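These notes are about the structure you will find just below.
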Amino acid sequence: MSEFVFSPKPIRIESGDGTTLTADSGTEYLDMGASYACTPLGHAHPAVVEAISDQAATLTYVQGSYPVDVRDDLYELVTEVTPDPLDHAWLSNSGTEANEAAIKFARHATGRSKILAMKNAFHGRTLGSLAATWKPKYRDGFEPLAGGFDFVTYEDESELRAAVDEDTAAVIIEPIQGEGGINPADPGFLEAAREATDEAGAALIFDEIQTGVGRTGQMWAAEKAGVTPDILTAAKGIANGLPMGVTAVREWIAEDAGNHGSTFSGGPTIAAAGTATLETVRDEELPAHAGELGDRFQTALREELGDAVREVRGEGLMVGVEVKRGANRVVRDLALEHQILALPAGRTVVRFLPPLVVSAAEIDRTVEAMGDVIDTQ
Ligand SMILES: *Cc1c(COP(=O)(O)O)cnc(C)c1O
């Protein structure tokens, strides 16, 4: 019997510490992808390791209907760190589930069914989130997906305004498209989405599963853009590598959200990891660090690479380099020749989502390596 979904990489990882992953060969790799932004504090961060170990030994799990301090603490912290009017939250186990909940809550609270998503969007692989995901490679062969979904062009204000009407339950947007190729939305587009949904009585959902938890230089990309959605979803890095999703909502959504649930929601061990992660991100001011190092990274990449690439873009430590051809080749050469792990985002974008604790020296090493692998193209 063998696993058949992921295509295996030619490196077998044995351990991780901070920004370093070590292979069975003993070779150390600089982890500039953080396994898709899932380890903002780096690997084996002592605060998280201790929180998980203590909690697992005390109470690994109990059904969600028994109140426990560790879950209550996390809910309190989540409402504290999410933008102000998002005072209620629901915990789940992954990004796609956080979005499924967002879609269900928005439909129930508005009594409408239509969901508008963006071309090029990625929101997950269950049948509701997949219906909001654009690319055929994720959708083909799995139809029928959930119904009632339409797409508009990302960043096209007038198309969006024309599409939002009194049948619209929600508009769902990634403030920076991740899988779609690191495409930051202009704040004006997000403002237009806010206005259009307000006028129509629809919910605005920001999928911050990749942008959230400090990556863009603020805790949330929504704050950076100055636009507050009705629902914000997070996952990936929120428990530093343990499975957790968050759907944070405003009062009007929470009070008419319908019947929803999930067995493992806010389970004690995962909750302990989430609290340790969010406290550390906040207390060590990692969003500000991400902002500073992200600026250094992008500036240096532009200087180093110049016209050899099409564009360097992103916010904070969510950075994409659009190459002229073959992002996969660049990612492979970075790994095999420079022991730096990056990620592709589509065929032509090399993506960096390093742990937020990455150092200036590690950023500089990555820039130099990019200069090397791109020059020899
Ligand atoms: C990864 C991702 C998801 C899906 O999260 P899973 O935990 O894989 O289900 C949804 N939206 C965005 C923006 C993502 O980056």
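None of these values were measured; they are calculated from a predicted model. Whatever order the structure lists ligands and atoms in, that order sets their numbers, starting from 1. Values below: every heavy atom of this structure, side chains too, minus hydrogens, waters and symmetry copies.
A ring-centre distance under 6.0 Å is found for Phe151 and Trp134.
Judged as a side chain to side chain donor-acceptor pair (under 3.5 Å), the pairs with a partner in residues 270-282 (not counting sequence neighbours) are, in order, Glu80-Arg282. For residues 228-255, the side chain to side chain donor-acceptor pair (under 3.5 Å) pairs, not counting sequence neighbours, are His88-Glu251, Asn99-Thr233, Arg194-Asp230, Asp230-Arg250, Asp230-Trp252.
Around atom OH of Tyr61, more than 12 heavy atoms belonging to other residues, nucleotides or ligands sit under 6.0 Å away.
Listed by chain and number, Ser94, Gly95, Thr96, Asn99, Phe122, His123, Gly124, Glu174, Asp207, Ile209, Gln210, Lys236 each place a non-hydrogen atom less than 4.0 angstrom from ligand 1.
In this structure, Pro268 and Arg71 have side chains that are in contact, with non-hydrogen atoms separated by less than 4.5 Å.
The hydrophobic cluster around Val171 extends to Leu116, Met118, Val152, Tyr154, Leu160, Val164, Ile173, Phe189, Leu190, Leu204, Phe206, Val227, counting ILVMFWY residues whose side-chain heavy atoms fall within less than 4.5 Å of a member.
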